[in-house]
Amino acid sequence: MIQSHEIPQEHTEINIHEIRQLHTDGVFYTGKEVDFTEETKQQIVSSYSRVAERSLTNQGPQSIRIEQEELLSCLDDAETIYTTINIDGEIVPFPVFIPIRNMPGSFDESFHEERLGIKKDQDDFNGIFFFAGTEEIISQIDSFNKDTLSSIRSVIVEYEDRDVELYEELKLKLSNGGILTQEDNFIDEKNGTPASLNHYIGRAYRAEDIEFNNEPNSRLIDVFNRDVNEGRIEKRPYNGASIVSPEEFAIDSKLQDDLWRFSEDQFNGLTENFPIIQEPDREEFVSILSDPGTTNVVYFYEGRPVTSCVFIENIDNCNWLRPDYFDDYFNEQQRAYFPYLATHPDFTSHGFASATVELLDDLVFRSGNPFNILFECTNVSNDSVPNLVETAIKLDGKLNVDLDMIAKYYIKSLKIVD
């Protein structure tokens with residue numbers, strides 16, 4: 001077992017051989033003491049990926065929180081805290097606590113600073129870290145000590161509900177080192193629930209056994225184009241719902257701007273006061289909606305786009321999800337990720353959202369195949385979003401749906417008490 005203490009203060013370049021020597025002393029250290037060689041950095045990235053993929057939290061639908069470029073960034077951060085760990089028989093350095101400034105895609109630093117009452121100048125370090133360990137890592141640690149964690153004010157922890165022992169073990173190992181913590185569950189003021197990300201699957205199927213002359217496994221865009229050619233549906237009507245193909249969306253900058261403008265407002269509203277950033281940036285938004293594996297349903301009012309509903313059939317583009325998890329879960333069945341249904345704030349009570357979903361339901365129905373819908377929501381919207389999805393799918397009586405929550409991820413903070 002490892003107990004924490006520090007290595008000498010001189011700043012030196014350190015290689016894997018020296019890391020193995022340090023391990024015999026059971027050392028914790030920060031980036032202030034060492035520079036890793038490029039070879040060592042690559043081995044850290046490789047080792048971290050293997051350990052993270054084996055963890056219980058990363059066996060569910062959600063991908064590893066720390067992306068490779070963020071991990072490389074943290075290896076150059078003087079405040080990152082490491083230990084040396086035995087991973088598959090190799091002694092390697094492992095970043096246990098990562099400053100959240102290295103994870104801008106996941107954390108808004110100002111949100112956490114304000115919550116902790118931190119007032120700092122732009123160049124000051126806020127002491128907020130993300131716990132990057134797993135059950136495999138924490139099991140090799142006996143305790144931390146105050147000297148090692150002196151720069152930490154708060155530790156953010158994310159874990160799947162099946163992996164609650166990871167969180168409890170972290171608290172225990174901190175306590176073993178005489179480090180007192182105060183728990184913050186980011187309780188929502190409106191419904192009193194702790195912060196969580198909840199993943200759902202909805203299995204949509206026909207309410208009646210009616211056959212259509214569609215090819216097996218028809219994509220929604222194929223069904224739509226067939227209906228357009230047969231005169232059943234109008235493409236991009238002056239008033240009404242229509243699919244806008246990814247190819248059309250990719251070259252229509254005005255449509256991109258219009259949809260992004262009111263979709264961003266909805267993203268921000270749904271994730272307000274939430275500890276992890278959930279909304280995509282504009283570049284990601286355009287990239288996803290321009291992908292051939294995305295179905296964009298838009299309602300036009302007097303030629304103006306006012307409602308947007310998206311199905312992402314190619315979930316390889318959703319870097320926050322694990323496609324292999326869903327490959328195993330669904331085998332060859334059709335599935336799509338349903339990220340949002342957004343309406344321009346000036347038109348929220350006009351029934352345009354319902355009309356948009358009705359077209360989508362009709363396309364799913366006419367495809368002639370069961371369809372699996374994936375979506376997620378936070379604890380703030382967990383009382384409403386699943387009900388809205390179920391109501392929308394059953395809107396015109398053509399489809400039924402069975403909803404199941406398949407995973408819940410908690411986000412908590414441990415504030416270090418002086």
Side-chain angles (χ1 to χ4, degrees), residues 1-7 9 26-33 57 65-66 70 73-75 77-85 93-104 106-135 137-159 163-187 194-196 273-277 409-418:
M1 290 290 189
I2 298 170
Q3 295 185 347
S4 59
H5 57 86
E6 295 187 2
I7 64 175
Q9 292 298 311
V27 175
F28 276 77
Y29 47 95
T30 73
K32 293 177 181 178
E33 286 91 50
T57 287
R65 172 64 62 184
I66 307 172
E70 294 176 333
S73 174
C74 90
L75 298 182
D77 193 315
E79 303 292 343
T80 300
I81 298 174
Y82 305 86
T83 189
T84 42
I85 290 291
F94 190 93
V96 183
F97 297 105
I98 295 175
I100 66 169
R101 63 188 174 197
N102 297 293
M103 302 173 66
S106 295
F107 298 108
D108 177 358
E109 286 191 89
S110 61
F111 169 85
H112 293 278
E113 289 167 354
E114 181 178 350
R115 195 173 184 91
L116 291 168
I118 296 174
K119 297 180 180 180
K120 69 178 185 68
D121 295 327
Q122 186 173 358
D123 295 328
D124 289 341
F125 180 57
N126 60 25
I128 305 172
F129 287 73
F130 177 73
F131 175 64
T134 68
E135 57 271 22
I137 301 303
I138 202 72
S139 67
Q140 298 187 49
I141 298 171
D142 272 338
S143 66
F144 301 96
N145 65 37
K146 292 183 179 180
D147 291 337
T148 306
L149 274 62
S150 61
S151 62
I152 297 182
R153 296 184 182 182
S154 176
V155 177
I156 299 172
V157 188
E158 182 180 22
Y159 62 91
D163 202 12
V164 65
E165 289 186 9
L166 172 68
Y167 180 64
E168 297 300 331
E169 280 294 301
L170 173 61
K171 290 196 297 183
L172 175 63
K173 301 304 171 64
L174 291 170
S175 177
N176 287 349
I179 301 170
L180 301 179
T181 59
Q182 180 179 329
E183 185 175 272
D184 183 357
N185 293 338
F186 303 104
I187 301 296
S196 66
N273 297 322
F274 195 72
I276 289 180
I277 296 173
Y409 294 82
Y410 287 102
I411 304 97
K412 298 183 179 181
S413 173
L414 292 172
K415 181 180 179 182
I416 306 299
V417 179
D418 294 333

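Small disclaimer: the values here were computed from a predicted structure and weren't measured.
Ile138 approaches Lys173 most closely through the heavy-atom pair O-NZ, 2.9 Å. The heavy-atom pair separating Asp147 from Ser150 by the smallest distance is O-OG, 3.2 Å. Taking all atoms of both residues into account, the shortest heavy-atom contact from Gly133 to Leu166 is O-CD2, 4.1 Å. Pro104 and Ile277 make their closest contact through O-CD1, 3.4 Å (heavy atoms, listed as atom of the first residue, atom of the second, distance). Closest approach of Arg65 to Ser106, counting heavy atoms only: CD-OG, 3.1 Å. Closest heavy-atom contact between Phe274 and Ala195: CE1-CB, 4.0 Å.
A heavy-atom distance below 4.5 Å is found between the side chains of Val96 and Phe131. Using a 4.5 Å heavy-atom threshold, the side chains of Arg101 and Glu109 count as touching.
To the nearest 0.5 Å, the span separating CZ on Phe144 from CG on Leu149 amounts to 6.5 Å. The distance from the CD1 atom of Ile416 to the CG atom of Leu414 is 7.0 Å, given to the nearest 0.5 Å. Rounding to the nearest 0.5 Å gives a distance of 13.0 Å between CD of Glu158 and OG of Ser413. To the nearest 0.5 angstrom, Leu116 atom CG is 9.5 Å from Phe111 atom CZ. We find the CD1-CE distance between Ile128 and Met103 to be 13.0 Å, quoted to the nearest 0.5 Å. One finds the CG atom of Leu174 at 6.0 Å from the OG1 atom of Thr181 (value rounded to the nearest 0.5 Å).
Remark: side-chain polar atoms of Glu33 are paired, donor with acceptor, to backbone N or O of Thr30 under 3.5 angstrom. Within the 3.5 Å criterion, the main-chain N or O of Cys74 finds a donor-acceptor partner in the side chain of Thr80. Judged by distance alone, the side chain of Asp184 and the main-chain N or O of Lys415 form no donor-acceptor pair under 3.5 Å.
The local environment of CD in Glu165 is sparse, with at most 12 non-hydrogen atoms from other residues, nucleotides or ligands closer than 6.0 Å. Within 6.0 Å of atom CD in Glu183, more than 12 heavy atoms from other residues, nucleotides or ligands are found, so the atom counts as buried in its surroundings.
Here Phe186 and His112 bring their ring centres to under 6.0 angstrom of each other. Ring pair Phe94/Tyr82: centre-to-centre distance not below 6.0 Å.
Remark: Phe130 pairs with Phe107 by the ring pair (Phe, Tyr, Trp, His ring centres under 6.0 Å) rule, at least two apart or across chains.
Glu70 and Ser73 are not linked by any side-chain donor-acceptor pair at a separation below 3.5 angstrom, with hydrogens and angles left out of the test.
The existence of a salt bridge linking Glu79 and Lys32 is confirmed by a sub-4.0 Å separation between a basic side-chain nitrogen and an acidic carboxylate oxygen.
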Worksheet entry | Ile152/Ile179 under side chain to side chain contact (heavy atoms under 4.5 Å, CB included): CA gap, chis, key distance, verdict | CA-CA 11 Å; Ile152 297 182; Ile179 301 170; over 6 Å; no
